[in-house]
Amino acid sequence: MSVVACDDLFRVHRTPEGDAAALQGLTLRVEDGESLAVLGPSGSGKSSLLRVLAGFDAPSAGRAAVFGHDLSRASTRTRTRIRRELLGLVQQHPERALAPDLRIQDTVALPLTLRGRGHREARHAADRLLERVGLADLRAAAPADLSGGERQRAAIAAAIVHGPKLLLADEPTGELDAESAGAVLALLAELARENGMAMLLVTHDPATAAAMNRRVHVRDGRVSDEELDGRTTVVVGRGGWLRIPAALLDAGGIGDRARVGLDAGRVVLEATSATGTEPDRRAPGAPPPATAPGGVTATVRGVRRVHGPRTVLDAFDAAFLPGTFTVLSGRSGSGKSTLLRILTGLEQPDAGVVELDGVPQTERDRTERAVLRGHALALVAQGDVLLPELSVLEQSGVEAARLEPWLDALGLADRARQPVRRLSGGERQRAAIARALASGRRLIGLDEPTSRLDQASALTLALLLRAVAREHGRTVICATHDPVLAAHADRELLLPSGELRPRV
């Protein structure tokens with residue numbers, strides 16, 4: 001019996017604006033002890049698949065079974081029991097899995113106490129697992145005192161502490177540095193061997209995908225191809241429908257049309273187009289600025305910031321100039337998000353000086369700082385920052401004529417008037433970034449902006465941010481673990497050391 005069995009699975013979201021099909025005939029198997037990576041562009045149905053398998057959403061048609069239980073027929077009580085007894089869940093937003101008023105140790109121990117374990121035994125088990133994910137020193141901390149990557153590791157620990165038979169994880173390493181991600185993946189592989197745990201991980205990270213036994217790609221709500229033992233197999237659907245991997249199409253120069261023929265028993269595709277010309281594959285540039293305000297010169301000197309039990313930044317110095325795209329890199333907890341919040345005025349340092357355009361922030365009163373944030377500084381934080389019931393245009397704060405070119409540059413031209421709740425996680429992320437860029441603010445801070453983006457979308461964003469800095473003269477600062485962003489930045493600032501590395 002397969003751990004997961006999906007046959008012609010459909011999931012349709014019904015809304016007042018109309019129906020939207022997230023899954024469209026998906027067929028998939030996961031066997032006992034197998035680890036599977038699910039990849040695909042934003043909006044392809046990956047997160048919808050996880051929600052169906054976790055029993056949060058019911059199949060609209062077709063079949064989805066977990067450990068032999070048909071989820072389309074299972075009662076709410078049965079789905080809840082399956083989730084509690086057999087599954088471990090890691091969702092996109094780790095902060096939602098961590099109770100804000102509990103210590104990390106107690107949060108990780110909670111699944112065991114709810115299953116009848118004694119408090120002392122549960123805490124000992126939590127401590128052992130926290131040590132394995134590198135959080136032993138922070139077990140007494142509250143979630144608010146952790147970085148995004150540390151919260152991610154704590155959420156993973158809480159999801160696997162009870163020894164589930166199937167782990168369902170949505171971007172489990174999206175906010176982790178390479179070293180932390182490697183340690184978490186090694187732990188998951190070890191637990192899989194110890195407990196016979198199967199894993200189904202949704203990811204955009206090539207390293208995470210490579211660590212799994214098998215990889216499948218989902219496009220338009222169905223499996224298009226899979227990779228096993230270094231070979232790619234394309235899925236051929238009923239009627240001969242198939243999806244060719246995008247990398248092969250790009251390599252072959254194939255756009256929206258192709259010639260097809262038979263040659264010595266092989267089916268051959270050749271590049272063509274409806275007009276006989278190749279498609280335009282130029283990278284999008286930044287939309288022309290409505291004004292040319294330039295950027296903000298931001299300087300921090302001797303900055304110190306303490307969060308809970310630890311010092312995040314200590315005697316830290318850095319300068320950020322207009323017309324430059326800087327990435328902040330370093331391990332989770334090194335102070336990247338804190339530095340962004342200090343630079344954009346959302347957090348005050350415990351010591352040191354922060355200057356914007358040569359004026360110390362301490363010389364500005366609260367009203368002056370608020371006015372400066374309102375017209376010059378923008379921060380796109382981790383997680384959802386848009387209201388789900390409104391469209392992107394309705395909550396942008398700028399007129400449609402200014403926002404729409406930025407949405408178009410990020411591949412969201414057809415989503416501008418859709419309610420945010422109908423967008424995928426990656427689409428929401430890009431929409432929030434477009435809103436910040438369209439605002440015209442002179443210093444743009446972005447915190448892990450590619451954590452939910454596929455590689456193609458990440459590259460598009462990297463090129464756009466570089467253009468925003470160089471063509472608009474703005475100051476662009478990005479906290480990230482993504483090598484794609486780092487490769488296209490002007491410079492990389494390593495935290496906590498403050499070492500500066502020129503890039504492009």
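What you are looking at is a predicted structure, and each value in this text was computed from that prediction instead of being measured.
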Verdict with supporting geometry, Glu448 and His481, side chain to side chain donor-acceptor pair (under 3.5 Å)
CA-CA 7 Å; Glu448 297 291 356; His481 297 118; 2.9 Å; yes
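- The backbone N or O of Met212 sits less than 3.5 Å from a side-chain atom of Arg215, completing a donor-acceptor pair.
- In this structure, CZ in Arg11 is found 8.5 Å from CG in Leu23, a value given to the nearest 0.5 Å.
- Put simply, the residue from Leu493, Leu494, Leu500 that forms a side-chain contact (heavy atoms from CB on, under 4.5 Å) with Ser497 is Leu494.
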Going through the checks in order, is the side chain to side chain donor-acceptor pair (under 3.5 Å) test met by Gln382 and Asp447?
CA-CA 6 Å; Gln382 298 176 22; Asp447 199 351; 3.0 Å; yes
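- Taking both residues in full, the closest heavy atoms of Ala158 and Thr107 are given as CB-O, 4.3 Å, listed atom of the first, atom of the second, then distance.
- To the nearest 0.5 Å, atom CG of residue Leu201 and atom CG of residue Leu168 are 9.0 Å apart.
- Within the 3.5 Å criterion, the main-chain N or O of His217 finds a donor-acceptor partner in the side chain of Ser224.
- Dense packing is recorded around CD of Glu347, with more than 12 heavy atoms of other residues, nucleotides or ligands lying under 6.0 Å away.
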Determine whether Arg132 and Asp127 satisfy the following criterion, salt bridge (charged side-chain N to carboxylate O under 4.0 Å, His left out), listing intermediate values before the conclusion.
CA-CA 9 Å; Arg132 295 171 79 175; Asp127 285 345; over 6 Å; no
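- Using a 4.5 Å cut-off on side-chain heavy atoms (C-beta onward), Pro449 and Cys478 make contact.
- Side-chain contact between Gln361 and Leu356 is present, with heavy atoms from C-beta onward closer than 4.5 Å.
- The number of heavy-atom neighbours closer than 6.0 Å to CG of Asp350, taken from other residues, nucleotides and ligands shown, is above 12.
- The main-chain N or O of Leu453 is never found under 3.5 Å from a side-chain atom of Ser457 such that the two would form a donor-acceptor pair.
- When atom types are taken as modelled, the side chain of Asp317 and the backbone of Gly302 share a donor-acceptor pair closer than 3.5 angstrom.
- Closest non-hydrogen pair, Pro349 versus Val303, comes out as CB-CG1, 3.9 Å.
- With contacts defined as side-chain heavy-atom distances shorter than 4.5 Å, the pair Thr338/Phe316 does not qualify.
- Between Glu427 and Arg452 no salt bridge is recorded (no basic side-chain N to carboxylate O distance below 4.0 Å).
- Residue pairs meeting the salt bridge (charged side-chain N to carboxylate O under 4.0 Å, His left out) criterion with at least one partner in residues 361-377, sequence neighbours excluded, do not occur; the list is empty.
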Passes side chain to side chain donor-acceptor pair (under 3.5 Å), Asp454 versus His204? Steps please.
CA-CA 5 Å; Asp454 57 86; His204 291 121; 4.7 Å; no
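- Arg123 places no side-chain N or O within 3.5 Å of a backbone atom of Gln105 that could act as its donor or acceptor partner.
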What's the verdict on side chain to side chain donor-acceptor pair (under 3.5 Å) for Ser391 and Arg417, showing C-alpha distance, side-chain angles and the deciding distance?
CA-CA 5 Å; Ser391 72; Arg417 290 170 172 78; over 6 Å; no
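- Between the side chain of Lys336 and the main chain of Gly330, a donor-acceptor pair closer than 3.5 Å is present.
- Using modelled atom types, no side-chain atom of Arg474 and backbone atom of Leu443 make a donor-acceptor pair closer than 3.5 Å.
- Contact of the Leu50 side chain with the Val202 side chain is registered, since non-hydrogen atoms from C-beta on lie closer than 4.5 Å.
- In this structure, Leu187 and Leu185 have side chains that are not in contact, with every pair of non-hydrogen atoms separated by 4.5 Å or more.
- Within 6.0 Å of atom CD in Gln348, more than 12 heavy atoms from other residues, nucleotides or ligands are found, so the atom counts as buried in its surroundings.
- Electrostatic pairing of Arg470 and Asp490 counts as a salt bridge here, judged by a charged N lying under 4.0 Å from a carboxylate O.
- A salt bridge is absent between Arg103 and Asp145; no separation between the charged side-chain nitrogens and carboxylate oxygens falls under 4.0 Å.
- In this structure, CG on Leu377 lies 9.5 Å from OG1 on Thr475, to the nearest 0.5 angstrom.
- Interatomic distance, Gln152 CD to Leu135 CG, rounded to the nearest 0.5 Å: 11.5 Å.
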Residue pair Arg139, Glu131: steps toward the salt bridge (charged side-chain N to carboxylate O under 4.0 Å, His left out) verdict
CA-CA 9 Å; Arg139 61 180 179 272; Glu131 183 173 2; over 6 Å; no
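- Within the model, atoms CG of Asp106 and CG of Leu98 stand 12.0 Å from one another, a figure rounded to the nearest 0.5 Å.
- Here CZ of Arg421 is found 10.0 Å from CG of Leu390. Values are rounded to the nearest 0.5 Å.
- For the pair Arg83 (side chain) and Ala54 (backbone), a donor-acceptor distance under 3.5 Å is present.
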